[in-house]
Amino acid sequence: MNIEIYNTKTGRKSPLVTLEEGKIKLYVCGITAYDYCHIGHARSALVFDLIVRYLRFRGYTVTFVRNFTDIDDKIIKRAQEQNTTCEELSQRFITMFHEDMASLGILPPSIEPKATEHLPEIIGLIEELIRKGLAYQVDADVYYRVTGFANYGALSGRNLEEMQAGARIAVNEKKEHPMDFALWKGSKPGEPTWESPWGPGRPGWHIECSAMSRKYLGNSFDIHGGGKDLIFPHHENEIAQSEGATGDEFVKYWVHHGFVTIKDEKMSKSLGNFLTIREVIAQFAPEALRLFIFSTHYRNPLDYSETALLDAVAGLNRLYTCLAEIEQLPATGNDQAASAISKADREKIETLGERFLKAMDNDFNSAQALGHLFEGVKILNKIRQHLPGKPARLDLQLLKQGAKTIREMAEALGLLSQEPTLYLQKEQEKILKTLSVTPEEIEKFITARTMAREEKNWALADEIRDQLLNQGIDLKDGPTGTTWQVKLP
RNA sequence: GGCGGCGUAGCCAAGUGGUAAGGCAGUGGUCUGCAAAACCAUUAUUCAGCGGUUCAAAUCCGCUCGCCGCCUCCA
C-alpha cells in the first residue's frame, strides 16, 4: 500500500515519494498574529495535525515547521489602534494561539519560527535575488521581478497576461511590472524597523516563508501546505523567491485545504460571519469539532452549523458507547460454543484496519475512513446485541479485537483517545451541572416513583418520569430497579 | 472578464468505469405496566438537467442551469 497525495501543482493525485527514505519535511503557513483564531484556522491546524499524525502512524519521521507572521501591515495597524507595540500584540496572540491549539489537542510542530527572528536570513535571501537579477531596489523598497522568473504562475495556473487583464490592484508606478511584489518595505515613521542594505525597513510578507523553510528544511522539501486562499499570491511568490534563488525544486507536494463556510459563504472579517475557536469550544467538545472537521474531505468546503456540530457530538457518543459496552463484556467465553457470527460480519471486522488505511492512504480521505469505523461500530453492536448468555470465546475475542482496531485507527486521527467509560461519565457530569436538579433530588423522585409503581399507580409514576425528562433526566426501568442518566444530545 | 471547484436521500457526506459506504433525523421492531435509553432493521431503480462515448457511467466527453472560491489581506 502506498500513500497518494493530491498535488496542487499538478492538479492530480500521485504516490508519495519522499526526498529522503522514510522522512518527511513539511512546512505549513501559520497565522498572522493580530487577532483571535477562528474555526477556519482550527480546520487548518486540524487538517495538518491529521496529516502529521497519519504520516507518523504509517512510519514516517516527520519534521514539521509552522511559522508565525509577527510583522506585517495588519499587525502594525492593529497595534496602533490598541496603542501598543507590534511585539506585544503579536506575542499576545501567539500565546492565545497556543492555548487554542492545546485545547484542540493539536500536536506541537517541531519548529515554530517567527519572521522577526530571521531578519539576517531574509535580508540574505533578498541580496541573493538582487544579485541574480530577480529583484530590484526602488527608493527604500525592494521588489521581485516576476518577468525574470519563467515559471511564474505555474502553481496557480495563470500567466502574467491574464492576471493583468483582470487585475483589481491599483498599479504602483514605482514597480516595473504590476505583478511585481515587495520583498522589502522601507518603514514609515513609527513602524518597526530593521537595518538593511536598502535602509531601515521591514520584510514583505512572502519572503519570510522562503527564508525560514530554507533554513530549517533546506532548498527542497517534501510538502508545503496551507489554505486554498494562499495558492495565489503567497505560495506562487514563495516558489518564485525560493526557486529563483536556489535553482532547486522548492517543494514536491503542495497541499491546500478548503475553507470553512457559514451558510455556504466563506468566513471573513468583512462579512462578520466568523466564529472564534474559543466561542465554539465553549459550546462543543473539541473532540466533536475534530470529528466534524474530519467528516468531510480536507479539500472540500465545510459548512459550519450548530446542527452539524450536534451531529458530531451524537456520532462521538455512538463511538464511545460502543467501546464502553464492549469493555464491559466478560473476559472469558465458552470454549465449546460455536461462533454465532456470520462469515460476512467476521470478515468486515477483520478487514476493518486495512480498509481504514486504504481510505486514508487515498489523499487522507478521513470522511471515508470514519465511515468504515462507523460501519465497524454498527457490526460490533449487532454482534454484541445477539450474544447468547454464554458467548463463544471466539466471538468475544472478535468483539474485543474489533474495538481495539477502532481505537487504534481513530487515534491515528487524534480521536477516541479518552477512556470510553470515563468519557461517557464526564459527558453526563458536564450536562448535569447545567441542569436544575441534583442527583440527590433525582434519587428522591425515583424512590417516590418506585412506591407508586409498586402500588401500580401508573399515572403518578409516569408524571414523575415526565417531570424528570423535562429537566433532562432519563429514567431506565430495569430488572434490578430504576437507574437514571442525563439525556445526551 | 480570466482561472478553479462544487451540485449524490429530509440534512451532512463517501464513492472517479462494473451496478449507490457511513452519520444525523424519520419510520418499524427488541425491551417495558406504558415509556425512555440502548440496540437492531429500514429509508436514493438513482446521483442538478439534457445529449454523447461504452457491453457497462454518479464516475469519461459536450452543452445548459444553479452555487461557491481565487485573481486585493485572508486558513
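Labels below follow one simple rule: chain letters A, B, ... track the order of the sequence lines, proteins then strands, and each chain is numbered from 1.
- As judged by a 4.0 angstrom heavy-atom cut-off over every strand, A:F259 is placed among the base-contacting residues.
- Aromatic rings of A:F68 and A:F97 (six-membered ring for Trp) have centroids within the 6.0 Å cut-off, being under it.
- B:U42 and B:A35 are spaced 23 Å apart, taking the P atom of each and rounding to whole Å.
- Within the nucleic acid shown, A:V47 has no heavy atom closer than 4.0 Å to any nucleic acid atom.
- Look at the P atom in both B:A9 and B:A20: the space between them is 16 Å, to the nearest Å.
- Listed for the A:Y423 side chain is no donor-acceptor partner under 3.5 Å among the backbone atoms of A:L416.
- Shown are A:K174, A:K175, A:K185; of these, the side chain to side chain donor-acceptor pair (under 3.5 Å) with A:D141 is made only by A:K174.
- A straight line from CG of A:N381 to P of B:U42 spans 15 Å, rounded to a whole angstrom.
- A straight line from CD of A:E236 to P of B:G4 spans 14 Å, rounded to a whole angstrom.
- In this structure, A:I231 reaches neither bases nor backbone, as no heavy-atom distance under 4.0 Å exists between it and the strands shown.
- Across all strands shown, A:R449 has heavy atoms under 4.0 Å from base atoms, whether or not it also approaches the sugar-phosphate.
- Among the heavy atoms of the strands lying under 4.0 Å from A:K74 are primed sugar atoms or P, OP1, OP2 only; no base atom is included.
- Checked by atom type, the side-chain pair A:E238/A:Y27 shows no donor-acceptor distance below 3.5 Å.
- With distances taken from any side-chain atom of A:R465 to the nucleotides B:A75, B:G33, B:C34, the minimum falls on B:C34.
- Aromatic pair A:Y36/A:F93: ring centres closer than 6.0 Å.
- Side chain of A:K382, nearest nucleotide from B:A75, B:A41, B:A38: B:A41.
- A:R43 comes within 4.0 angstrom of nothing in the nucleic acid, heavy atoms only.
- Two residues, A:Y6 and A:A312, neighbour RNA chain B, and the one matched to the more 5' nucleotide by heavy-atom proximity is A:Y6.
- In this structure, A:W458 packs face-to-face on the six-membered ring of B:G33, meeting both the 5.5 Å centre cutoff and the 30° plane limit.
- Rounded to a whole angstrom, the distance from the C1' atom of B:G18 to that of B:C70 is 37 Å.
- As rounded to whole Å, 6 Å separates atom C1' of B:G5 from atom NZ of A:K228.
- Here the separation of B:C50 from B:U43, taken at their P atoms, is 25 Å to the nearest Å.
- Distance check on atom C1': B:G15 versus B:C71 gives 32 Å, rounded to whole Å.
- Under 3.5 Å, the side chain of A:R453 and the base of B:G33 form at least one donor-acceptor pair of N or O atoms.
- Residue A:R449 forms a side chain to side chain donor-acceptor pair (under 3.5 Å) with just one option from A:D477, A:D462, A:N457, and that option is A:D477.
- The interatomic distance linking A:Q485 (CD) with B:A38 (C1') rounds to 8 Å, in whole Å.
- For A:D474, taking side-chain heavy atoms from C-beta onward, the closest of the listed nucleotides B:A21, B:C34, B:A36 is B:A36.
- Rounded to whole Å, the distance from NE2 on A:H206 to C1' on B:C73 is 10 Å.
- Atoms CD1 and NZ, from A:I3 and A:K358 in turn, are 15.0 Å apart once rounded to the nearest 0.5 Å.
- When base pairs are accepted only as Watson-Crick or G-U wobble with both N-N or N-O distances under 3.5 Å, RNA chain B takes part in stems of 3 or more pairs at B:1-7 with B:65-71, B:10-12 with B:22-24, B:26-30 with B:38-42, B:48-52 with B:60-64.
- Remark on RNA chain B: of its neighbouring residues A:S156 and A:M267, the 5'-side contact belongs to A:S156, judged by nearest-heavy-atom nucleotide.
- Comparing the same atom, P, in B:G17 and in B:C11 gives a spacing of 28 Å after rounding to whole Å.
- Candidate nucleotides B:C39, B:C34, B:A75 were compared by shortest atom distance to the side chain of A:R318, and B:C39 ranks first.
- The main-chain N or O of A:T351 is never found under 3.5 Å from a side-chain atom of A:E354 such that the two would form a donor-acceptor pair.
- When the P atom is used for both B:G1 and B:U27, the distance is 48 Å, rounded to whole Å.
- In this structure, the nucleotide among B:A75, B:C71, B:G22 sitting nearest to the side chain of A:F374 is B:G22.
- Put simply, NZ on A:K476 is 11 Å from P on B:A37, counting in whole angstrom units.
- Residues A:L50 and A:F294 are in side-chain contact: their nearest non-hydrogen atoms beyond the backbone lie under 4.5 Å apart.
- If you take CD of A:E306 and P of B:A25, they are 16 Å apart, rounded to a whole angstrom.
- Under 3.5 Å, the side chain of A:D477 and the base of B:C34 form at least one donor-acceptor pair of N or O atoms.
- Residue contacts for A:H256: at a heavy-atom cut-off of 4.0 Å it reaches no nucleic acid atom on any strand shown.
- Judged by distance alone, with hydrogens and angles left aside, the side-chain atoms of A:H41 form a donor-acceptor pair with the main-chain N or O of A:H38 at under 3.5 Å.
- Contact annotation for A:K266: base contact, defined as any heavy-atom pair under 4.0 Å involving a base atom.
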Pull out every protein N or O sitting under 3.5 Å from an N or O of nucleotides 7-14 of chain B, one pair per line with the distance.
| unit_1 | atom_1 | unit_2 | atom_2 | d |
| --- | --- | --- | --- | --- |
| B:A14 | OP1 | A:H297 | N | 2.7 |
| B:A14 | OP1 | A:N300 | OD1 | 3.2 |
| B:A14 | O3' | A:N365 | ND2 | 2.8 |

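- A cation-pi arrangement is present between A:R299 and A:Y6, with the terminal nitrogen or guanidinium carbon under 6.0 Å from the aromatic centre and inside a 45° cone about the axis.
- Among the atoms of the strands shown, none is found under 4.0 Å from any heavy atom of A:K456.
- At a threshold of 4.0 angstrom between heavy atoms, the contacts of A:G40 include nucleobase atoms, whether or not backbone atoms are also involved.
- Between the side chain of A:Q485 and the main chain of A:D474, no donor-acceptor pair closer than 3.5 Å is present.
- Rounded to an integer number of Å, the gap from CD of A:Q428 to C1' of B:A36 is 14 Å.
- Only the P atoms considered, B:U45 is 41 Å distant from B:G33, to the nearest whole Å.
- Annotation: salt bridge (charged side-chain N to carboxylate O under 4.0 Å, His left out) contacts of A:E375 (sequence neighbours excluded): A:K348, A:R355.
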